[in-house]
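These notes concern the structure reproduced below.
All residue numbers refer to positions in the sequence shown, counting from 1. Remember, it's a predicted structure, so these values are computed and weren't measured experimentally. Read the numbers this way: they start at 1 and go in the same order the structure lists the ligands and their atoms.
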Amino acid sequence: MTCIPILITLVLASASLHAKAQVIQPTFNTTTWTKPYQYVLQYLSNSTSPFITLTDPQWPTYATTFNERLQYIPAAITIPNTTEQITAAVSCASKYGIPVQAKSGGHSYASYSTGGHNGILMIDLENFNSVSLDNRTGIAAVGGGVSLGNLAQGIWEQGRRALGHGTCPGVGIGGHFTHGGYGYSSRAFGLALEQIIGLDVVLANGSFVKIDNETLGYVYYALRGAADSFGIATTFYLQTSTAPEVVIKFSYSFPPALESIENATAVFMGVQNFSLYSAVVVSFNKTIAPALLEALPVPPALNEGSVEPTDWITSLAMLAGEGSLTVPLHGFLQQDNFYAKSVSTNVSFAEEPIRKFFEYAYSAGEGLDAPISWFSIINLYGGPDS
Ligand SMILES: Cc1cc2nc3c(=O)[nH]c(=O)nc-3n(C[C@H](O)[C@H](O)[C@H](O)COP(=O)(O)OP(=O)(O)OC[C@H]3O[C@@H](n4cnc5c(N)ncnc54)[C@H](O)[C@@H]3O)c2cc1C
Ligand SMILES: *[C@@H]1O[C@H](CO)[C@@H](O)[C@H](O)[C@H]1NC(C)=O
Ligand SMILES: *[C@@H]1O[C@H](CO)[C@@H](O)[C@H](O)[C@H]1NC(C)=O
Ligand SMILES: *[C@@H]1O[C@H](CO)[C@@H](O)[C@H](O)[C@H]1NC(C)=O
Ligand SMILES: *[C@@H]1O[C@H](CO)[C@@H](O)[C@H](O)[C@H]1NC(C)=O
Ligand SMILES: *[C@@H]1O[C@H](CO)[C@@H](O)[C@H](O)[C@H]1NC(C)=O
Ligand SMILES: *[C@@H]1O[C@H](CO)[C@@H](O)[C@H](O)[C@H]1NC(C)=O
Ligand SMILES: *[C@@H]1O[C@H](CO)[C@@H](O)[C@H](O)[C@H]1NC(C)=O
Ligand SMILES: *[C@@H]1O[C@H](CO)[C@@H](O)[C@H](O)[C@H]1NC(C)=O
Ligand SMILES: *[C@@H]1O[C@H](CO)[C@@H](O)[C@H](O)[C@H]1NC(C)=O
Ligand SMILES: *[C@@H]1O[C@H](CO)[C@@H](O)[C@H](O)[C@H]1NC(C)=O
C-alpha cells in the first residue's frame, strides 16, 4: 500500500462575512498610449494572429482576471493558435515598446496576466491546451494554457500518473509551474517547478527556443522562477510520477485549542515539532495518527475529524472541493474579491512570534471579530520524510 507522506495545513478563519473589499473600477484613457497602440493594432490586423479589442463582445471574458479587486485594461488581447503567431506578436510589441504579458489561468493574486497596469498586449494561451503523456518515459508535454485540473485528469487518464501541484483546478500551469507551485503532495514530489525537465519558449527577443538544463541552461534557470520577465512557455515537459494507489485524506478539529492564545500557540508548536521529527511512515493509523496525537498538547475533537482512504484522482477532487477536476477549455472565468499576502521562511518558528501572531489574530477589531471575513493558512513543508 502506497501512502503519501503527510503535509499539515492549519487553517484559522473568522466567521463573519458581511463586507467585501472595494472593487476598483479601471479607468480607460487611450490618449497616453494611442500611438504605439495604433501600430500594434495595425500589425495584428496585418498578421494571422486572432486578436480582440475593447469593443469585442468577448472582451470581458478574456480581459477579466480572477481577482476582481484588481482589474486593468490591456491594449489588445491575442488568442494565438500557433507559436509563430506568438513570436510575431512579441516581436511587434517589443518593436513599438508595448509590454507583453502571457495569460494562462489568470489566477495571479495581483492580476499579473494584465501586467498589473493598463495598456499591455496580453497573449492568452487558452488554445495551448494539450496534455500528452509518454507513458514509457512518464514525461508529459503540456501546453502553456492548461489548467491544473485538466492536467491532473489528463495524465491520470493517459497512464495513471501524478504531479505535485496546488489544489485549485482553475489555476493555470503558466503561472503556477513557473513560480513554485505548492500543494498537498509537494513533500512527496517536490514543488511544481521542480518537475519541469524542459520548456519550449518564445523569448522576449522574439526567438523560439527549446531549452533544458543543458541547452540554454541559463535561460532554463531564469524561466523556473521568473518566466514572466523572460519569455512565454508554450509547452512544458514534466516528469510525472506513478500515482499512489491509496491516499489518506485526514483532518482534525481543535475547538478547545482555539479558546485561548496559550492553547493555540501550544498546538501550533506541537504540530510543527511533529512535522520536523516524525520520519518512519508505516501506515496512517499505526504511525502517523498516534505520533501526531501525542505531539498535541491539546487533544483534537476526534468526533469532528475524518480519516478517508481514497485513490489519487478522487483525493484531488475532494481537495478541490468541487465535483469535477476538469474546467472548460474556452472562455473559462472564475472570480473572487480579495487581498492576500504570503510569507515563507526556511527555519522553524520560535514560540514567541507564534504567540504574537495569535495575539494579533484574536484581538478584537483586527482579529476574529474583524468586520470582513479573513483566513490564515499555515503550511509546514520539509522535515525528514520530505
Ligand atoms: C483560488 C486560488 C487558489 C490557489 N491555490 C494555490 C495552491 O494551492 N498552491 C500554490 O502554490 N498556489 C496557489 N495559488 C496561486 C497560483 O499558483 C498563482 O497565482 C499562479 O501564478 C497562477 O497561475 P495562472 O497561470 O493561473 O496565472 P496568470 O495570472 O495567468 O499568470 C500569472 C503570471 O505568470 C505569467 N505567465 C502565465 N503563463 C505563462 C507562461 N506560459 N509563460 C510565462 N509566463 C506565464 C503571467 O504573465 C503572470 O505574470 C492559488 C491562486 C488562486 C487564485
Ligand atoms: C487622458 O490622458 C491625457 C494625457 O495624460 C490627459 O491630458 C487627459 O486629461 C486624460 N483624460 C482623462 C479623461 O482622464
Ligand atoms: C500593415 O500593412 C499595411 C498595408 O500593407 C502597411 O502599410 C503597414 O505598414 C502595415 N503596418 C504594420 C504596423 O506592419
Ligand atoms: C484559432 O483561434 C481562433 C480564436 O481563438 C479560433 O476561433 C479558431 O478556431 C482557431 N483556429 C484553428 C485552426 O485552430
Ligand atoms: C500506455 O499507452 C498505450 C498506448 O496509448 C496504452 O495502450 C496503454 O494502456 C498505456 N498504459 C497505461 C499504463 O495506461
Ligand atoms: C535571443 O536570445 C537567445 C537567448 O539569449 C539567443 O540564443 C538568441 O540568439 C537571441 N535571438 C536573437 C534574434 O537575438
Ligand atoms: C541535466 O539533466 C539530466 C537529466 O536529469 C542529467 O542526467 C544531467 O546530468 C543534467 N545536466 C546538467 C549539466 O546538470
Ligand atoms: C486549554 O487546553 C486544555 C487541555 O485540553 C483545556 O483543559 C483548557 O480548558 C484549555 N484552556 C482554555 C482557556 O481553553
Ligand atoms: C519534539 O518531538 C520529538 C520527537 O517526537 C520529542 O522527542 C520532543 O520532546 C518534542 N519537543 C517538544 C518541544 O515538543
Ligand atoms: C483508521 O482509523 C480510522 C479512524 O480512527 C478508522 O475509521 C479506520 O477504520 C482505521 N483504518 C484501518 C485500516 O484500521
Ligand atoms: C535559510 O535561508 C537563508 C537565506 O537564503 C540562508 O542563508 C540559510 O542558510 C538558510 N537556512 C537553512 C536552515 O536552510
Original post:
Are Y109 and F338 an aromatic pair by the rule of ring centers under 6.0 Å?
Top reply: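 So the answer is yes for these two rings.
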
**OP:** Measure centre to centre between the rings of H117 and Y72, then say whether the value is under 6.0 Å.
**Re:** no

Any idea which protein heavy atom is nearest [atom], and the distance to it?
atom: atom 12 (C) of ligand 11; result: N346 ND2, 3.4 Å
atom: atom 13 (C) of ligand 8; result: S260 CB, 3.5 Å
atom: atom 3 (C) of ligand 8; result: N263 ND2, 3.6 Å

**OP:** Could you list the atoms of ligand 8 found under 4.0 angstrom from a heavy atom of V298?
**Re:** 2 (O), 5 (O)

Original post:
Counting each atom of ligand 8 from 1 as listed, which ones have a heavy atom of E259 under 4.0 Å away?
Top reply: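 By the 4.0 Å cutoff, the relevant atoms are 14 (O).
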
**OP:** For the pair R355 and E359, find out whether any cationic side-chain nitrogen is under 4.0 Å from an anionic carboxylate oxygen.
**Re:** no

**OP:** Give me the one residue out of N150, I173, I196 that meets side chain to side chain contact (heavy atoms under 4.5 Å, CB included) with V142.
**Re:**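 Among N150, I173, I196, the one meeting side chain to side chain contact (heavy atoms under 4.5 Å, CB included) with V142 is I173.
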
**OP:** Measure from the side-chain N and O atoms of Q85 to the backbone N and O of N81, and report whether any donor-acceptor pair falls under 3.5 Å.
**Re:**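 A pair under 3.5 Å: yes.
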
State whether any protein heavy atom lies less than 4.0 Å from [atom].
atom: atom 9 (O) of ligand 11; result: no
atom: atom 1 (C) of ligand 11; result: yes
atom: atom 5 (O) of ligand 8; result: yes

**OP:** Count the heavy atoms of every other residue, nucleotide or ligand shown that sit under 6.0 Å from OH of Y112, and state whether that count exceeds 12.
**Re:** no

